[in-house]
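A short worksheet on the structure shown next.
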Amino acid sequence: MSERIRVLLSEEEVDRKIKEIGEQISKDYAGKTVHLVCVLKGGAFFMCELAKRISVPVTMDFMSVSSYGDDTQSSGVVRIAKDLDQALLDKNVIVVEDIVDSGRTLSYLLNILNERKPASLALCTLLDKPERRVVDVNVNYTGFQIPDEFVVGYGLDYAQKYRNLPYIGIVELD
């Protein structure tokens, strides 16, 4: 089976939207420090670009959580491969994710992080597929709502390929 990639969101569109989200977070957290928690691997590209556009002090940590493996559909089984290095107690935490799909992984993750007693807990995603939601998740900052297509680029992958694309593309399988 081979695949082609069709552009859904250009590099310029993505860059513009990340700037807007960074400005909104800066306004919402004026006078405070935000602690960004990146959901690896896909969220790394987005979080790095977002952090550069936030004007309030930023700290960061990384967590690896997965329910996909090498498939294009969530398995429903959530696995933590890497936990945080820093405590979240009394921090203003923003979980940064590449995409919210079924909501299973993020619902599980947000529940775990909330038990660590942050001062606040918010969710920021570059892409959202609300029509795929199986578990309700409150997304505080959304870049783009997209159709139910399998997308790659800007950190999102298909079997570990295409993360480095500077745009968001749709995978078309032959």
Side-chain angles (χ1 to χ4, degrees), residues 9-68 78-130 133 135-146 151-157 162-168:
L9 299 164
S10 72
E11 182 176 4
E12 294 77 21
E13 289 173 291
V14 173
D15 189 56
R16 200 168 29 253
K17 185 58 75 172
I18 293 172
K19 183 176 186 267
E20 288 174 19
I21 295 169
E23 289 171 353
Q24 186 61 54
I25 289 171
S26 299
K27 188 186 307 180
D28 293 350
Y29 290 89
K32 300 177 182 174
T33 297
V34 293
H35 186 69
L36 302 180
V37 172
C38 176
V39 181
L40 294 171
K41 297 175 186 169
F45 287 74
F46 176 41
M47 187 173 87
C48 289
E49 292 302 316
L50 179 64
K52 292 190 292 188
R53 291 162 175 86
I54 296 174
S55 61
V56 300
V58 171
T59 58
M60 295 187 237
D61 205 347
F62 299 85
M63 187 171 210
S64 182
V65 183
S66 177
S67 65
Y68 280 86
V78 179
R79 186 177 67 83
I80 295 178
K82 183 211 175 298
D83 206 341
L84 299 172
D85 295 327
Q86 302 171 33
L88 298 182
L89 183 66
D90 297 329
K91 292 183 179 178
N92 294 299
V93 176
I94 301 176
V95 175
V96 180
E97 179 65 290
D98 53 3
I99 190 165
V100 179
D101 197 312
S102 71
R104 284 186 190 106
T105 303
L106 283 167
S107 175
Y108 177 80
L109 177 60
L110 292 171
N111 286 334
I112 287 172
L113 298 181
N114 201 43
E115 290 173 3
R116 298 178 187 187
K117 303 194 182 334
S120 64
L121 182 61
L123 175 58
C124 177
T125 187
L126 180 58
L127 304 173
D128 189 9
K129 289 186 189 178
R133 203 77 83 244
V135 176
D136 192 36
V137 176
N138 181 40
V139 182
N140 306 88
Y141 304 97
T142 301
F144 301 93
Q145 286 192 357
I146 62 169
V151 291
V152 294
Y154 224 89
L156 293 117
D157 74 293
Y162 307 115
R163 286 188 195 279
N164 61 317
L165 296 176
Y167 57 86
I168 303 298

- Message: Could you work out, with side-chain contact (heavy atoms from CB on, under 4.5 Å) as the rule, every residue matching Lys52, not counting sequence neighbours?
- Response: Glu49
- Could you point out which residue of Val95, Leu50, Val139 forms a side chain to side chain contact (heavy atoms under 4.5 Å, CB included) with Cys124? Leu50
- Task: Specify the closest pair of heavy atoms between Asp98 and Gly42, including all atoms of both residues, with the distance to one decimal.
- Result: OD2-CA, 3.1 Å
- Closest non-hydrogen contact found for Glu97 with Ile99 is CG-O, 3.2 Å
- Which pair of non-hydrogen atoms, one from Val56 and one from Lys32, has the smallest distance, and what is that distance? CB-O, 3.4 Å
- Any side-chain heavy atom of Lys41 within less than 4.5 Å of one from Ser64? no
- Starting from the C-alpha separation in whole Å, work towards a yes-or-no answer on side chain to side chain contact (heavy atoms under 4.5 Å, CB included) for Leu113 and Leu84. CA-CA 10 Å; Leu113 298 181; Leu84 299 172; 3.7 Å; yes
- Message: side chain to side chain contact (heavy atoms under 4.5 Å, CB included) for Val65 and Met63? Distances and angles first, verdict last.
- Response: CA-CA 6 Å; Val65 183; Met63 187 171 210; 3.8 Å; yes
- Message: Could you measure the distance from the OG1 atom of Thr125 to the CD1 atom of Ile21? Nearest 0.5 Å is fine.
- Response: 8.5 Å
- Item | Asn111 and Glu115: CA distance, side-chain angles, deciding distance, side-chain hydrogen bond (donor to acceptor under 3.5 Å, both in side chains) verdict | CA-CA 6 Å; Asn111 286 334; Glu115 290 173 3; over 6 Å; no
- Stepwise salt bridge (charged side-chain N to carboxylate O under 4.0 Å, His left out) test for Arg116 and Asp90: CA-CA 9 Å; Arg116 298 178 187 187; Asp90 297 329; over 6 Å; no
- Item | Reported CG-to-CG distance for the pair Leu165 and Asp157, which is rounded to 0.5 angstrom | 11.0 Å
- Going by heavy atoms in the side chains, are Gln145 and Lys129 under 4.5 Å from each other? no
- salt bridge (charged side-chain N to carboxylate O under 4.0 Å, His left out) between Glu23 and Lys19, intermediate numbers included: CA-CA 6 Å; Glu23 289 171 353; Lys19 183 176 186 267; 3.1 Å; yes
- Note on the structure: Here the pair of heavy atoms bringing Gly43 nearest to Cys38 is C-SG, 3.3 Å
- Query: Would the number of heavy atoms belonging to other residues, nucleotides or ligands and lying under 6.0 Å from NZ of Lys82 be above 12?
  - Reply: yes
- Message: For Arg133 and Asp128: C-alpha separation, side-chain torsions, deciding distance, then whether salt bridge (charged side-chain N to carboxylate O under 4.0 Å, His left out) applies.
- Response: CA-CA 9 Å; Arg133 203 77 83 244; Asp128 189 9; 2.6 Å; yes
- Query: What closest approach, in Å, do Tyr141 and Tyr29 show between heavy atoms, and which atom pair accounts for it?
  - Reply: OH-CE1, 3.4 Å
- Task: Starting at OH of Tyr167, measure out to OG of Ser10 and round the result to the nearest 0.5 Å.
- Result: 11.0 Å
- Task: Check Val58 against Thr33 and note the closest heavy-atom contact, atom names and distance.
- Result: N-CG2, 4.4 Å
- How many angstroms lie between CD1 in Ile168 and CD in Glu13, if you round to the nearest 0.5 Å? 10.0 Å
- Task: Answer yes or no: is there a donor N or O on one side and an acceptor on the other, between the side chain of Thr142 and the main chain of Phe144, under 3.5 Å?
- Result: no
- Task: Would you check if the side chain of Arg53 reaches a backbone N or O of Gly22 as a donor-acceptor pair within less than 3.5 Å?
- Result: no
- Here the gap from Ser107 atom OG to Ile112 atom CD1, rounded to the nearest 0.5 Å, amounts to 10.0 Å
- Run the numbers on Val37 and Val96 for side chain to side chain contact (heavy atoms under 4.5 Å, CB included), then give the verdict. CA-CA 6 Å; Val37 172; Val96 180; over 6 Å; no
- Query: Rounded to the nearest 0.5 Å, how far apart are CG of Leu127 and CZ of Phe46?
  - Reply: 8.5 Å
- Can you sort out the partners of Ser55 under side-chain contact (heavy atoms from CB on, under 4.5 Å), two or more places apart, ordered by chain and number? Ser26
- Is any side-chain heavy atom of Asp61 less than 4.5 Å from a side-chain heavy atom of His35? yes
